[in-house]
Protein chains: 2
Amino acid sequence: MREDANCQWRVAVRPVGKPKPSDFAYTEEAIPEPGDGEILLKTLYLGLAPVMRMYMQGTGAAGEKALGIGDVIHGRGVGEVVTSNHPAFAPGDIVQGQLGWQTYKVSAVTPQEKIFKVADRGVSYALSAGVLAMTGLSAYGGFLDCGQPKAGDLVVVSGAAGGVGSIVVQIAKIMGCHVIGIAGGPEKCAFLRSLGVDETIDYKAEDVPARIAALCPDGLDIYFDNVGGETLAACLENLAMGARVVLCGSISEYTRDAPFGLTNYTRLRAVNGMMKGFFVYNYLDRLDEAVDALAGWIRSGRMQPVQDVIDGFEAMPEALMRLYDGRNVGVQCCRVREHPHDLALEKGEVA
Amino acid sequence: MREDANCQWRVAVRPVGKPKPSDFAYTEEAIPEPGDGEILLKTLYLGLAPVMRMYMQGTGAAGEKALGIGDVIHGRGVGEVVTSNHPAFAPGDIVQGQLGWQTYKVSAVTPQEKIFKVADRGVSYALSAGVLAMTGLSAYGGFLDCGQPKAGDLVVVSGAAGGVGSIVVQIAKIMGCHVIGIAGGPEKCAFLRSLGVDETIDYKAEDVPARIAALCPDGLDIYFDNVGGETLAACLENLAMGARVVLCGSISEYTRDAPFGLTNYTRLRAVNGMMKGFFVYNYLDRLDEAVDALAGWIRSGRMQPVQDVIDGFEAMPEALMRLYDGRNVGVQCCRVREHPHDLALEKGEVA
């Protein structure tokens, strides 16, 4: 990565199936100049999420333009203000927002970029590319608002070792729930147990419907769905009275040839059950609340901030591919540049 | 129908596709004698509902035994106490409860029969086989609890001219909603307009998805689903922010060869939408509240009690077939015997 250029990753071709290296095009441009009211940001961290494959398909980008071939890929992350022609920002300020897959960005701080200042909370700025950003808000808003957890609830989470999932399972434990996490492979299942998850299901080795039925003899109260498809259908077969199914994501469906057809949605009827979806930006007015709560739990040691950090802007395509291969543990994130604040924290120099 | 025998309709064979006359077997038995603590009821009215075809399949009978070939078909209705060995009942009392498809029944008044006394509310006892029984409770509980209607909401109801639907559309109008009713044929659509429905869609003549999209340019707030299948999928494509989909029934799916696969349930995500199902017996603790409210609206003229009454116990199979052909308007009900109270009401002799 050249520091004297704006390095970028663009859509080369629409992905078919899982994303692969040839779907991405690397370009370099001159570092842009901020105009009146604009700021120049340099990228510190970029977050990754499954939806980015949909962006590359030209869909899924609510509030942002649909991407065409050759466009810089959408992505939120953490940046540092280099120069500012905007009264509310000064050089050195840290922000999170829509930076795109690039190493510099000029921003007019438009509402659609959702650029927010990041306070020093005594935790790494890297967390503002995931756990303390939209990933954390998805977990916090989706689980609390749609899931309505109560102490003692039996909660099943799929994609439990992923970005949103690894936060949801920990919030559920803090709320006093009994938590079953579904993830792929013994390492991820062991990791989930280290987060306090009560029971794990390894979808690569076990019969998921049979295990869910066995672990939920009286039905589950909340299913937090990150994967869709057959796992969702299996959970619908095992609902307790008044169960809530939270639709967060459906990564198992994004790369299917034919759409998945849910035949047993009617199972919601017998138990007065509910299936509720959410879109994270609909919770934007709760971002401060979510970040305050999550950062508080992290500082007090009740929550482990789980980010899977890959180094170097060049690794961005690889970082997205990791999500679709299920190789990430926690929020997938790319460290584009180091920042002294975070280096000091790593060395234990800041409380 | 012989008055000196207990006439019954039994499962002859499991229905394949729509129910047909040869699926039913007619039998006569001696009128049973009530034992200690039991009452003998004679049937006045029996209500019909789509679920009865599922009973005949040996499924769907929550709280009742699964029917085998040769069993008397389950069904709730209105009966008059003939003799009573139970302290809480006296000859002449009117009750609603699980009578089955027969003209007499001995009941031990078990909880599973859900036998409740019917007060004289100045309306026909026939209504206690439908509008003021489980059909009305489905409409009242399902729409208010799952739908959470507010004045000004745009409400779409399928099966709108049917038993539950014709009550839901009227409650929605009372709540100040704008109501779109979906029904089959111009007569039913005209009937819906006579109930105050604002817009109608004739599913036999019109392109339902196109009409829903055209009538809901800003999305619908509540979809009350009595049919499932493609109509449900079409409504999911047209949700307003915070929309509620109420799963009541899915008559379009009951006779399909292969189950319907709902591919666009993920539409709930973008709008923080909710799909909530209910089973009417989960609302049993609200039966009195529902009957009070519905009877009040009927007496004040704000609600039209819509029952499609067919005469004679012999017509029971025909009455069920009417539901599956979509021939009924309102709650399908069979008048097994006349009662002086209701004859007087018909002649206007009772206020």
Side-chain angles (χ1 to χ4, degrees), chain A residues 51 54 59-63 138 141-142 145-148 225-230 232-233 236 239-254 256-286, chain B residues 51 54 59-63 138 141-142 145-148 225-230 232-233 236 239-254 256-286:
Chain A
V51 69
M54 293 166 71
T59 62
S138 293
D145 177 53
C146 303
Q148 297 286 326
D225 184 29
N226 286 307
V227 305
E230 288 80 1
L232 171 58
L236 284 169
L239 301 178
M241 189 62 61
R244 289 83 71 199
V245 173
V246 185
L247 301 177
C248 176
S250 37
I251 194 167
S252 80
E253 300 184 27
Y254 297 157
R256 291 174 75 102
D257 291 332
F260 177 79
L262 189 64
T263 58
N264 65 343
Y265 69 90
T266 53
R267 291 285 177 170
L268 294 168
R269 294 210 298 251
V271 295
N272 284 39
M274 179 175 95
M275 191 152 92
K276 187 165 179 187
F278 71 93
F279 178 56
V280 64
Y281 292 120
N282 295 334
Y283 290 132
L284 216 52
D285 58 353
R286 296 183 71 178
Chain B
V51 70
M54 292 166 73
T59 64
S138 293
D145 177 52
C146 303
Q148 297 288 327
D225 184 29
N226 286 306
V227 305
E230 288 80 2
L232 170 58
L236 284 169
L239 302 178
M241 188 62 62
R244 289 82 72 198
V245 173
V246 186
L247 301 177
C248 176
S250 37
I251 194 169
S252 80
E253 300 185 27
Y254 298 157
R256 291 174 75 102
D257 291 333
F260 177 79
L262 189 64
T263 58
N264 64 344
Y265 69 90
T266 53
R267 290 285 177 171
L268 294 167
R269 294 211 298 249
V271 296
N272 282 40
M274 179 176 95
M275 191 152 92
K276 187 164 180 188
F278 71 92
F279 178 56
V280 64
Y281 292 119
N282 295 335
Y283 291 131
L284 216 52
D285 59 353
R286 296 182 70 178

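Per chain, numbering begins at 1; letters A, B, ... match sequence-line order.
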task: Begin with the C-alpha distance, continue with both residues' side-chain angles, and end with the deciding distance and a verdict on side-chain contact (heavy atoms from CB on, under 4.5 Å) for A:M275 and A:L262.
output: CA-CA 12 Å; A:M275 191 152 92; A:L262 189 64; 4.0 Å; yes
- prompt: What about A:Y265 and B:Y265, are their ring centers closer than 6.0 Å?
  reply: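 When the ring centroids of A:Y265 and B:Y265 are compared, they turn out to be at least 6.0 Å apart.
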query: Quick one: does A:R244's side chain have a donor or acceptor within less than 3.5 Å of a partner on A:Q148's backbone?
result: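 Such a contact is found between A:R244 side chain and A:Q148 backbone.
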message: Looking at A:S138 and A:V280, would you say the former's side chain and the latter's main chain have a donor-acceptor pair under 3.5 Å?
response: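 Absent.
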Examine whether an atom of [X] lies under 4.5 Å from a heavy atom of chain A, and if so say whether it belongs to the side chain, the backbone or both; otherwise answer neither.
| X | value |
| --- | --- |
| B:Y281 | neither |
| B:C146 | neither |
| B:V271 | backbone |

Among B:N272, B:N282, B:L232, B:D145, residue most engaged with chain A (heavy-atom pairs, under 4.5 Å):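 Among the listed options, the one with the most contacts to chain A is B:N272.
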